[in-house]
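Positions are given from 1, in the same order as the sequence printed here.
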Amino acid sequence: MKRIFLAALIILSGMVSLSQHKSADKKTADTVDINPEKLRLKIDSQIKATDSIWKMKQKVQDSLAIQRMTSNTNGLVSMMRERDRAQRKQMWLRLGLGVAFLALGIYGVMRKRKKAKV
């Protein structure tokens, strides 16, 4: 049992050590080339890309805000018109009742005068 375990451990350790790429360490050490111009160009291109995306997002948000404001304004105007119609209707009703009571009062006064003369 110990021999099988030991053999499996040796085989696995050999596989793990051979599976590592030895030139990976050399490539990173040899090819590290920090060129400030290339980095600056990359950063500038990324900034331009994010700016253009940000501007498109702002345009979409602005158009949505304009649509919301327009619909809110239209709703407010229609609500105000309905309220004005209701107020006009109430005004005419009150005015009609006032004229009717005025006529009734004048009629009553005229009637008393006729009774007083008789």
Would you give the length of the straight line joining atom [atom1] of [X] to atom [atom2] of [Y], rounded to the nearest 0.5 angstrom?
| X | Y | atom1 | atom2 | value |
| --- | --- | --- | --- | --- |
| Leu39 | Glu37 | CG | CD | 9.5 Å |
| Gln58 | Ile53 | CD | CD1 | 13.0 Å |
| Thr73 | Met80 | OG1 | CE | 11.0 Å |
| Leu102 | Leu97 | CG | CG | 12.5 Å |
| Lys55 | Thr50 | NZ | OG1 | 10.5 Å |

Quiz: residues 63-71 side-chain donor-acceptor pairs under 3.5 angstrom, not counting sequence neighbours:
unit_1, atom_1, unit_2, atom_2, d
Ser63, OG, Lys59, O, 3.4
Ser63, OG, Val60, O, 2.8
Thr70, OG1, Ile66, O, 2.8
Ser71, OG, Gln67, O, 3.3
Ser71, OG, Arg68, O, 2.9

Is [X] isolated, or which residues cluster with it under the ILVMFWY side-chain rule of less than 4.5 Å, directly or via members?
| X | answer |
| --- | --- |
| Ile4 | none |
| Met91 | Trp92, Leu95 |
| Ile43 | Ile47 |

Residue pairs passing the salt bridge (charged side-chain N to carboxylate O under 4.0 Å, His left out) test with at least one member in residues 77-90, sequence neighbours excluded, are none
Quick one: list whatever passes side chain to side chain contact (heavy atoms under 4.5 Å, CB included) with Gln46, sequence neighbours left out. none
